[in-house]
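If you're wondering where the values come from, they're calculated on a predicted model, not measured in any experiment.
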Amino acid sequence: MPGHYLLPVTPDVTIPTAVDKATVAQVLRDISLLLQLQGESGFRVRAYDMAADRIAGLPQELGPLVAEGRLESLPGIGRALAEKISELVSTGRLGYLEELRAQFPPGLLELTQLPDVGPKKVATLWRELQVSSIEELERACREGRVRQVRGFGAKSEAKMLEGIALYRRARGERKLLGEVLPVATALLERVKAAPGVVRASLGGSVRRQAETVADVDIIASAPEAEPVLDALANAPGVAAVLGKGESKCSVRLEAGDLQVDLRVLPDEDFATALHHFTGSKAHHIRLRNLGQERGLKISEWGVHRDDGTKVPVTEESGIYALLDMQYVPPELREDNGEVEAARAGQLPQDLLTLEDVQGAVHAHSTWSDGRNSLEEMALAARALGLKYLTITEHSEAAIYAGGLKVDDLKRQWEEIDRINAAVSGVRLLKGIEVDILESGALDYADSVLEQLEVVIGSIHVRHGMDEDQMTRRLLAAMDNPCLQILGHPTGRLINSREPYPVRMDEVLERAAERGVAVEVNGKPARLDIKAEYVRQAVKQGVRLVVSCDAHQKEDLRNLAFAVATARRGWARKGDVLNTLPADRFVTALRERR
DNA sequence: GCCGTTTTCGGCCCGACTGTTTTCAGTCG
């Protein structure tokens with residue numbers, strides 16, 4: 001084969017660029033929209049959407065999958081999509097996307113972000129009125145030109161103008177679960193108190209405890225829907241009723257432009273409706289396909305046999321039982337392997353619960369940048385039923401956060417001893433959140449750290465290092481035998497700061513080797529490490545702690561969000577150290593390798 | 001565009017609500 005020698009001497013190696021999962025997912029969604037603008041068949045469109053969901057939800061990085069040609073092993077990704085994703089990841093560009101984009105003006109895609117405006121309407125308005133941006137749509141509405149297009153009227157114009165104003169305010173940003181949950185819970189209580197309500201629950205991404213949510217779903221059962229729908233429509237804080245029918249009501253709250261959807265059904269349909277409106281969509285599609293194989297049609301209105309007869313389902317677990325699989329808790333319903341595991345009977349049965357947690361990790365007081373005294377924190381922890389609380393102030397280098405000098409620390413121990421003697425039922429543990437310096441060294445001498453019961457090491461400054469430097473920094477910190485817990489390991493702040501670049505697989509591997517516990521930080525804007533990394537950590541045998549990162553006593557409740565994140569990462573009680581009693585917790589932390 | 005212990009072709013989840021129509025298309029979840 002002489003032709004073989006015509007190949008260049010240096011192999012044509014493509015170097016993977018920094019195209020991340022989120023970018024790939026966004027590109028696939030853009031293609032989906034562009035195809036819809038073209039009027040392409042819904043099935044092809046959906047293939048792109050499903051692939052986008054699949055990529056966005058991947059626990060691992062894309063680079064290795066592309067390099068090893070394993071993209072096609074992912075469900076919903078065949079040859080055509082694998083080729084496009086590979087091209088995008090290895091070259092940073094995608095020819096197909098550019099071809100599609102060239103057919104439409106650039107502002108057209110953004111128009112589909114407006115509420116109640118989808119690709120069909122955008123295509124019509126572009127064709128009939130040459131509208132290609134939000135500004136042009138706004139003008140067309142004001143000038144009454146939209147109502148002249150078939151299928152549109154005066155009401156459409158008014159709604160679009162409203163939608164444009166809303167879009168400009170909110171910019172489509174998803175809200176933190178921690179901000180939304182209190183509001184959602186208060187509305188749920190109001191719905192529960194409405195006349196005739198039998199059962200009511202939150203649904204959607206709030207019930208799945210997603211880290212951010214776009215809206216709130218409430219599902220209720222009652223013999224009469226009307227009074228229940230009214231209870232939401234007339235609730236305090238409602239800015240506008242967006243729609244109200246016989247079984248459904250949507251409102252927008254003044255606070256944060258948050259949308260709330262309520263469905264009310266007869267109680268016999270409650271379980272299947274709750275399941276339907278909890279999602280995720282991807283999880284449901286899997287279940288419905290499994291149902292079809294068994295001659296069962298699964299919808300929000302129940303489970304029906306092919307002959308139309310209804311199968312009674314009173315609890316969500318009944319749906320899974322009909323499909324011969326284990327019950328899947330809401331937090332796991334993402335089609336990330338839970339369907340396969342549940343069918344095989346291999347879903348973890350002892351997922352972490354809030355009740356399993358005996359002590360709260362990571363709390364600050366007025367000694368550094370917290371708002372409450374040590375005693376107030378202790379009493380608040382006890383009131384929540386916690387047996388211990390680790391006091392972990394900032395160390396000296398964290399000047400901006402009132403970091404403690406070693407002398408301060410020793411005086412604090414005296415106060416902790418006094419409180420532990422005086423307050424029964426809860427114990428304060430002496431700890432520190434010591435800064436991991438630029439070199440990876442810790443901010444206190446080992447001789448000081450050795451005297452503490454709990455040592456969390458965290459990065460607070462110099463976030464701008466590159467991936468190599470940052471990875472080395474964290475690995476070096478974990479090599480110090482005094483470091484027991486790696487605090488908020490990626491440094492992200494949801495919606496406001498990207499995680500610093502770091503090779504998490506190496507960090508988790510080292511944590512497992514050295515016996516360093518990794519923090520699952522429950523502060524709503526952190527949730528660090530995130531669920532995907534929790535799952536990876538659990539697989540690699542890394543020990544975890546769930547923390548509240550409390551800077552005031554109310555923050556102790558952040559533990560619930562850390563537990564939610566751990567559950568979404570399939571963590572079990574046995575994976576989490578602060579499910580142990582105080583003495584055993586402290587002993588376990590010292591078991592370093 | 002994906003997928004297949006019936007299939008490499010012909011399927012692909014399903015219903016509520018709105019605004020427009022006068023029986024339905026588009027959007028959303």
*Please state whether the phosphate of B/dG26, meaning OP1 or OP2, lies under 4.0 angstrom from any side-chain nitrogen or oxygen of A/S156.*
no

_For B/dA25 and A/K121 - does any side-chain N or O of the residue sit under 4.0 Å from the phosphate oxygens OP1/OP2?_
no

Tell me which nucleotide among [options] gets nearest to the side chain of [X].
{"X": "A/K297", "options": "B/dC14, B/dC28, B/dG1", "answer": "B/dC14"}
{"X": "A/Q292", "options": "B/dC14, B/dT27, B/dG1", "answer": "B/dC14"}
{"X": "A/S299", "options": "B/dG1, B/dC28, B/dC14", "answer": "B/dC14"}
{"X": "A/W301", "options": "B/dT27, B/dA16, B/dG1", "answer": "B/dA16"}
{"X": "A/D215", "options": "B/dG1, B/dG19, B/dG29", "answer": "B/dG29"}

*In the structure shown, which nucleotide is the Watson-Crick or G-U wobble counterpart of B/dT8, with both distances under 3.5 Å?*
none

Mind checking if [X] touches a base, just sugar-phosphate, or nothing, with heavy atoms under 4.0 Å?
{"X": "A/A154", "answer": "sugar-phosphate"}
{"X": "A/V117", "answer": "sugar-phosphate"}
{"X": "A/Y48", "answer": "sugar-phosphate"}
{"X": "A/L265", "answer": "nothing"}
{"X": "A/S247", "answer": "sugar-phosphate"}

For atom [atom1] of [X] and atom [atom2] of [N], their distance in whole Å:
{"X": "A/D217", "N": "B/dG15", "atom1": "CG", "atom2": "P", "answer": "19 Å"}
{"X": "A/N289", "N": "B/dC12", "atom1": "CG", "atom2": "C1'", "answer": "8 Å"}
{"X": "A/Q259", "N": "B/dT27", "atom1": "CD", "atom2": "C1'", "answer": "12 Å"}
{"X": "A/E83", "N": "B/dG1", "atom1": "CD", "atom2": "C1'", "answer": "12 Å"}
{"X": "A/L37", "N": "B/dG26", "atom1": "CG", "atom2": "P", "answer": "13 Å"}
{"X": "A/E300", "N": "B/dC14", "atom1": "CD", "atom2": "P", "answer": "12 Å"}
{"X": "A/I77", "N": "B/dC3", "atom1": "CD1", "atom2": "C1'", "answer": "14 Å"}
{"X": "A/R46", "N": "B/dG29", "atom1": "CZ", "atom2": "P", "answer": "16 Å"}

*Going by the angle between their ring planes, with limits at 30° and 60°, are A/H275 and A/H284 parallel, tilted or perpendicular?*
parallel

_Once you measure the plane-to-plane angle for A/Y48 and A/Y96, does it fall in the parallel (<30°), tilted (30-60°) or perpendicular (>60°) bin?_
parallel

_Does this structure show an ion pair linking A/R29 with A/D49, if we count only N-O contacts that are shorter than 4.0 Å?_
no

*Above 12 or not: heavy atoms from other molecules or residues under 6.0 Å from CZ of A/R145?*
yes

*Is the CD atom of A/E554 crowded by more than 12 outside heavy atoms at less than 6.0 Å?*
yes

Separation of the [atom1] atoms in [N] and [M], to the nearest angstrom:
{"N": "B/dT23", "M": "B/dT18", "atom1": "C1'", "answer": "15 Å"}
{"N": "B/dC2", "M": "B/dT7", "atom1": "C1'", "answer": "14 Å"}
{"N": "B/dG26", "M": "B/dT20", "atom1": "C1'", "answer": "10 Å"}
{"N": "B/dA25", "M": "B/dT21", "atom1": "C1'", "answer": "10 Å"}

*Do A/Q26 and A/D30 have a side chain donor and acceptor closer than 3.5 Å?*
yes

*Between A/G245 and A/G151, who's closer to the 5' end of DNA chain B by nearest nucleotide?*
A/G245

